[in-house]
Amino acid sequence: MSWQFPRVAVLAALLLGAHAAASGATPDFSGTWERYPDPYGPERFPEDPPPPAGGPTLKEPYATEYRKLNQRKAEGMKKGKPVADPSTQCLPEGMPTIMAAVYPIELLQTSREIVVLAEFLTQTRRIYLNEKMPAVEDISPGYNGYSVGRWQGDTLVVETIGLREDVKFMGIPRSAQMKVTERLRLTGPGLLENQITIDDPTVLAKPYQFTFGYKRNPEYRIMEYICDNNRNRFDAEGGVSLEVAPK
Amino acid sequence: MEDFHQKPVSLHMRYTRLASALVVTLFLACPVLAHHSFAMFDKNKVVTVKGVVSKIEWTNPHVFIFLDAPDGKGGKTRYAVECNSPNVLMRTGWKFNTVKAGDPVSIGLYPLRNGQPGGLLDSVTLPNGKTIKG
């Protein structure tokens, strides 16, 4: 009955596989991911996409501050002198902007941490797994803050605090107490979802929630991106113009 | 999104085979959202400039092609042509040496709105006659 062996083995493997899935074997997020669906659409010269999920609900005076910034941006666009923002100056994006993956991101997953490598500006972000979150007073404020993740079934829940107040997501005001919570899970073959919640009771009237989706691209290799030839020049009002003389 | 750089072309389009990619590129949308936004350029107008490449800066955040073109008065005007980032260009089939110093080329550009000689690359016609999008 030797012919039966392979069939039994295949059946056993299938059952074991099903069991592993049902018992919540840790998902593997490792790989290179690009935003999906593409937030920019097919336009050759797309407008800046609006903030996700209709934007935040801000308290005063932050709501007025944010509205004025957006007015200045719109006027700058009309005048042909756009208002400078961090990436115009080759500054890192910080959290949660880095997870918007304007260029692809690579995730490296071990039992102890998940590392996010962003192609844009060659940025690195670390998420420590199953660790105690330090008190915010003990964290040196940074672009990506301090991130701790833990698995809840098939979902990785990541909390991030210790974010610099001046490093903003789409210009949205924030306080030093801001907390970002991400819920990452695989939603289909090669699909990853990141539900993001920003809590900041000082600034936000209610938590700001939105979702970034990603698609795996196993064939793409992240390339270098060192922003060392910035030809943008900034005037006193933060307006940008181009330096046209060659170096 | 203002904080964002130029739009990367979708990686679904995996143009790793460069030879075919240069042809394929002609049919691609190659979005260029400059990280300082498009506002500095006149996106309603494409100006064609013929000249010789004096220098190429294959750098971030933007590749720059400097093009010397006759000014019609016996002299030359140097145009600064902003392109996408090296990574985005490579994803659409460019190589670092697709355009080289000394190359006679024809460039279609969206001119700077402030009147300076320069603009944003729309397309370049290479010495071999091929036209590729920026």
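Given the structure is predicted, the values throughout are model-derived calculations rather than measurements. We name chains A, B, ... by the order of the sequence lines, and we start the count at 1 in each one.
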Quick one: do B/V88 and A/Y103 satisfy side-chain contact (heavy atoms from CB on, under 4.5 Å)? Show the steps, please.
CA-CA 9 Å; B/V88 172; A/Y103 283 27; 3.3 Å; yes
Minimum heavy-atom separation for [X] and [Y], please, with both atom names.
| X | Y | result |
| --- | --- | --- |
| A/I226 | B/N60 | O-CB, 3.1 Å |
| A/G76 | B/A39 | O-CB, 4.4 Å |
| A/K79 | B/R113 | C-NH2, 3.6 Å |
| A/V240 | B/M40 | O-SD, 3.7 Å |

Could you state the interatomic distance from CG (A/N229) to OG (B/S85), rounded to the nearest 0.5 Å?
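Between atom CG of A/N229 and atom OG of B/S85 there are 12.5 Å.
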Main-chain N/O of A/E224 paired to B/N87 side chain as donor or acceptor, under 3.5 Å:
yes
Quick test of your reading of the model: are A/R231 and B/E82 salt-bridged, counting only N-O distances below 4.0 Å?
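Looking at B/E82 together with A/R231, the answer is no, because their closest N to O distance does not fall below 4.0 Å.
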Cationic N near anionic O, under 4.0 Å, A/E34 to B/R91:
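Not counted as a salt bridge, because no side-chain N and carboxylate O are separated by less than 4.0 Å.
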Is there a side-chain contact between B/P61 and A/Y225, using heavy atoms and a 4.5 Å cut-off?
yes
Which portion of B/Y110 sits near chain A, non-hydrogen atoms under 4.5 angstrom:
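The answer is the side chain of B/Y110.
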